[in-house]
Amino acid sequence: MFILNAPVEETIEIDNRIYLLKVNALEISSIIKPGQFLNVRVSERVSPLLRRPFSVCDVDGEHLYLMFNIMGEGTNILAHKPKGSEIDILGPLGNGFNLGGDYKTAVIVAGGLGAAPFPYFTRTLTGKKDILSFIGGRSKDDVITYNLKNVKEATEDGSRGFKGNVVQLLEKNIELLKSKKIKIFACGPTPMLRALKSFCIKNEFDCEVSTECAMACGFGICQGCSIESITEQEKYLLVCKDGPVFNIKDVVI
Amino acid sequence: MFILNAPVEETIEIDNRIYLLKVNALEISSIIKPGQFLNVRVSERVSPLLRRPFSVCDVDGEHLYLMFNIMGEGTNILAHKPKGSEIDILGPLGNGFNLGGDYKTAVIVAGGLGAAPFPYFTRTLTGKKDILSFIGGRSKDDVITYNLKNVKEATEDGSRGFKGNVVQLLEKNIELLKSKKIKIFACGPTPMLRALKSFCIKNEFDCEVSTECAMACGFGICQGCSIESITEQEKYLLVCKDGPVFNIKDVVI
Amino acid sequence: MNIDLSVKIGSLTLRNPIMLASGTVGYGNEISEFTDLNKLGAIVTKSLSLKPRKGNPPQRITETPAGMLNAIGLANVGVEVFLKEKIPFLKKFDVPLVCNIAASTIEEYVECTRTLTREETIKAFEINISCPNVREGGLIFGNDLNAVAKITDKVRSATDKPIIIKLSPNVSYIATFAKAAKENGADAVSAINTLVGTAFNIITRKPKLQNVTGGLSGPAIKPVAIAKVLEISREVDIPIIGIGGIMDWKDVIEFMIAGSSAVQIGTLNFIDPSAPGKIVKDLEGYCEKMSVEKISSLTASYIL
Amino acid sequence: MNIDLSVKIGSLTLRNPIMLASGTVGYGNEISEFTDLNKLGAIVTKSLSLKPRKGNPPQRITETPAGMLNAIGLANVGVEVFLKEKIPFLKKFDVPLVCNIAASTIEEYVECTRTLTREETIKAFEINISCPNVREGGLIFGNDLNAVAKITDKVRSATDKPIIIKLSPNVSYIATFAKAAKENGADAVSAINTLVGTAFNIITRKPKLQNVTGGLSGPAIKPVAIAKVLEISREVDIPIIGIGGIMDWKDVIEFMIAGSSAVQIGTLNFIDPSAPGKIVKDLEGYCEKMSVEKISSLTASYIL
Ligand SMILES: Cc1cc2nc3c(=O)[nH]c(=O)nc-3n(C[C@H](O)[C@H](O)[C@H](O)COP(=O)(O)OP(=O)(O)OC[C@H]3O[C@@H](n4cnc5c(N)ncnc54)[C@H](O)[C@@H]3O)c2cc1C
Ligand SMILES: Cc1cc2nc3c(=O)[nH]c(=O)nc-3n(C[C@H](O)[C@H](O)[C@H](O)COP(=O)(O)OP(=O)(O)OC[C@H]3O[C@@H](n4cnc5c(N)ncnc54)[C@H](O)[C@@H]3O)c2cc1C
Ligand SMILES: Cc1cc2nc3c(=O)[nH]c(=O)nc-3n(C[C@H](O)[C@H](O)[C@H](O)COP(=O)(O)O)c2cc1C
Ligand SMILES: Cc1cc2nc3c(=O)[nH]c(=O)nc-3n(C[C@H](O)[C@H](O)[C@H](O)COP(=O)(O)O)c2cc1C
Ligand code: FES
Ligand code: FES
């Protein structure tokens, strides 16, 4: 874990309302793994007070990329960080995806900004496993396919790709999925994850999911990020330390 | 009184650590008088919460100039407002200097940033009255003579001009002052104003002083900016409404 | 859609829930340059006492993180001057005028109310028992349950107009005070007044306020204010006027959900005196978008 | 100049006034990656109860203007696991360890203290009577003067080590609680714990915290905390540990001037876990520059 002031090299609006922030942070970029995250101090001032967590979106040498949209004050400030300024980042945090294992095809399932961790994931796995990406969103503006491979799209309003949600799209492709030795890696809004969980249990697919919740510290000292465990009844798990990636069967979503 | 978003045209560091902010605000620039002030919202965020008051430093057509140094968070933000951004200003506020009257020479007395209101004052009075400026500071870096005329300088460490404070410099020039029909216009730190008050009373000089204090609203609704009156015992005067310019005899400094 | 923004505080109907808080708009004249008073729910005067009060010596205010401390000390023109010099201006507007009263003795509360109630422009009274910056007569009424009960009872006898008791947050259980107010005839309570706070200048080692302590207001106190409103709402059946740190229409909705029938805007007036008018418009927009026909249906609509 | 940063809390000497607050550093391991614990005044553990506690269900935290609300609900590993699994790590450091204890009954407080006092690594106890997020046994101890007196007295009999009573700010007069603590044998008090607050999601109309209310911490509460420290300092002769919203060395000086012998850093640890170490260095710089030979001379150095 490092806290460092990373120079901002670029902030790109890659799509309408989706930003990519490129910072220079070799200490972190050289060790961070797909699915891990950073906790970013967006301002030196007392408001916004807390750091904001972001998945590592991509890594390229000494560069780290974060992907986000403007949700509130923190992301608004981040989107307007001028080139040459510095941002205070803390990381790498949490456990990333477990990329190993006895599967041939990594199936990415993402909704909206849930796509954020997968460019780095894809880069890391390319050449090692086959990759299939199922990407959903409310309408075509919400489908983020930046730096992903073999993408199938779903939109709820049918404005792009399959009309329906991304889990329905998985259902539609069930034969394809069953025909391969797959492991699912997912990130997205809670309703999507709930549907995905049923889908995975029903079809006995192995699935790792990156979860989100409100966080204060990001590294295990505030106990703010609790998530109910399926296996351990006596205590909550911590999203920041025990996750954010969990086996979808292990946590209450 | 107007509240408006004024485009920032330029922020110039005119001297080490002294900034001049140029904004476009015709509604205000066309009516504001020397000695009046503006209350500036430096940030949309909840911190810094309150507006920051600044004297109008100069006016040039539709342009207003503010002069300040970095005292804290508010002035730090202001100093780094990018060209093209907007700042929310409220004004004109307070009563300016009473420029009329039966005097021939306007004597400016200022210490440090107390020089801020006098460029506009000088511009307005040029051609109408003679002007003599007595400008003091701790050392040469604190003596601000930007856009002033007929300047005599004083520094406490003797690094520029007269060695001593600005009131001692007035004392030294007492013959000159007595030989003219003068009115004094002053702004500066409290110890300077106290000394000036004694000086003016002793020598029976008429003197208007621009005072400063902590303010919340700047236009008379919070009652935060009270100042003790010499004449009225039953109530405090308000710096923002009854001032900031007072006859030096009328208020407790 | 026809949106009904009106709310009721006892027998008083306001055209919308936005009131201007005592001590943050003087007697209405300066702020009328920025916000059309006729578009607001009500305005509450600076606390009035029987005689004029000079207030505390400067420095009276200082900024704190997301808030401010004030120790104005109830500087005001007194009842007589108010009636003679301030009412004529306020008469010009079609907005309910609530007179806030602060006093050092129970008798003074009664006397103020009795005098002011004759003035028909005044539509209700807000009784300030909770100013943290004045300690006269040895009592801090706001922290004394018996005093609150007694003041409410006596003021009740002095007027037929609605009485709102403005509660102090600096107590262990605010609901017990709301209950005392209700049981003694109050029509509503307002919550909250400022929290006691202080700040020191670390160079001079003196308090930043001449009065040593002051009242904390602004966004910093919003979570505390909402918790106090919720506490009263869950325990006492009385209309609540929510106050504390409101900066925009979203804060207004939050206060209403937590139990407020109306709200007051305080510190925000200093920062943006045009905000109250804007908030009324924004509330209308919100109701339209969310298909809320009567804004009063939001009051205490929390789902716990 | 030879600067003496050491301070005394009863019989306990700390090498400097910077302590880490309970619940904001777990049991020390994570934060030790960012700040050298051996350079700090003391660390206070997360509140321990006799048995492990799961804490409140999520969502447990939310941000507010210049602050945050938490309703962790005293999630902790319990005394037994603490002794077995956490103490070995903490033993490696040369920093006074203060054990914070929270309990639902007076007996539980005593039992915890008695068990823990045998562990020599533990140098003092901080008794949390003021957690706003747990209401068990029907009592909120922090608001009950008799309970505070009784707990202090009983815990006093259970250990020879210094006892610090951590006071609730959610009371009318905190000094009366400090007095009860002192009279019943406490060596010091710490002030303050969090203020009760809440926040609602205006779309779902549900509280943002599953527990409904939570504790407000961070810079927003600093003026309130300093006022409470000052109140105690003026009325009760007992060492005070100041807590609430400290963000930098200037805040530490302000708390000391107002009456604190030492301070605790809480929420700041989440934002910058390297800050406590930096603050110690900055304090040394300040003392050098201002020719303060003994930092303890700042305690209650206010000029009112
Ligand atoms: C481990 C982790 C990884 C994340 N990775 C990414 C990422 O790669 N890209 C991205 O855009 N976002 C990501 N998020 C979510 C991101 O942290 C929030 O969007 C951000 O904190 C919002 O900050 P804000 O100040 O702009 O909004 P705020 O003003 O704080 O909130 C605006 C809205 O966003 C909601 N919100 C706030 N925090 C969260 C959160 N943690 N999760 C979900 N909703 C939230 C609030 O409830 C509110 O409705 C991640 C969160 C976690 C916990
Ligand atoms: C009518 C009026 C006109 C002014 N005109 C000018 C001007 O033309 N140029 C200029 O540089 N400054 C002027 N000031 C002072 C200016 O308002 C403060 O310097 C500014 O508010 C500091 O804001 P900050 O956030 O940077 O500092 P803060 O963080 O608020 O404070 C930093 C330091 O400055 C001190 N300070 C804060 N406010 C004031 C104040 N009102 N007066 C004196 N000291 C203060 C604080 O005590 C603190 O020590 C004027 C003040 C008034 C009342
Ligand atoms: C400068 C100032 C003066 C105040 N004066 C009074 C007063 O005279 N009477 C009163 O009942 N409340 C007074 N208040 C309290 C406000 O009415 C309100 O309860 C409090 O400020 C919280 O609301 P806010 O956070 O929106 O400001 C004053 C507040 C401020 C900031
Ligand atoms: C997430 C969180 C958890 C806390 N847990 C405890 C606790 O277990 N026991 C306790 O006595 N105080 C606890 N506190 C209170 C802090 O110790 C401290 O009193 C409070 O946060 C104010 O200080 P701050 O503003 O610096 O955070 C907790 C505070 C936070 C923010
Ligand atoms: S975010 Fe603090 S423990 Fe997980
Ligand atoms: S600053 Fe508000 S009345 Fe003067």
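- Minimum interatomic distance between A/Phe219 and D/Phe270 (heavy atoms only, all atoms of both residues): CE2-O, 4.2 Å.
- With rounding to the nearest 0.5 Å, the separation of CE in D/Met68 from CG in A/Leu49 is 8.0 Å.
- Closest heavy-atom contact between D/Ile61 and A/Ala216: CD1-N, 3.1 Å.
- Comparing D/Gly23, D/Pro52, D/Gly218, D/Pro57 by heavy-atom pairs within less than 4.5 Å of chain A, the highest count is held by D/Pro57.
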Interchain donor-acceptor contacts below 3.5 Å (chain A, chain D):
{"from": "A/Leu49", "atom 1": "N", "to": "D/Glu63", "atom 2": "OE2", "distance (Å)": "3.1"}
{"from": "A/Leu50", "atom 1": "N", "to": "D/Glu63", "atom 2": "OE1", "distance (Å)": "3.1"}
{"from": "A/Arg51", "atom 1": "NE", "to": "D/Ile271", "atom 2": "O", "distance (Å)": "2.6"}
{"from": "A/Arg51", "atom 1": "NH2", "to": "D/Ile271", "atom 2": "O", "distance (Å)": "2.9"}
{"from": "A/Arg52", "atom 1": "NH1", "to": "D/Glu63", "atom 2": "OE1", "distance (Å)": "2.7"}
{"from": "A/Arg52", "atom 1": "NH2", "to": "D/Glu63", "atom 2": "OE2", "distance (Å)": "3.4"}
{"from": "A/Gln223", "atom 1": "O", "to": "D/Arg60", "atom 2": "NH1", "distance (Å)": "2.7"}
{"from": "A/Ser226", "atom 1": "OG", "to": "D/Arg60", "atom 2": "NE", "distance (Å)": "2.9"}
{"from": "A/Glu228", "atom 1": "OE2", "to": "D/Lys54", "atom 2": "NZ", "distance (Å)": "2.9"}
{"from": "A/Gln233", "atom 1": "O", "to": "D/Lys54", "atom 2": "NZ", "distance (Å)": "3.1"}
{"from": "A/Lys241", "atom 1": "NZ", "to": "D/Glu30", "atom 2": "OE2", "distance (Å)": "2.7"}

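- A/Cys213 does not touch chain D: none of its heavy atoms, backbone or side chain, sits under 4.5 Å away.
- With sequence neighbours excluded, no residue forms a salt bridge (charged side-chain N to carboxylate O under 4.0 Å, His left out) with A/Arg194.
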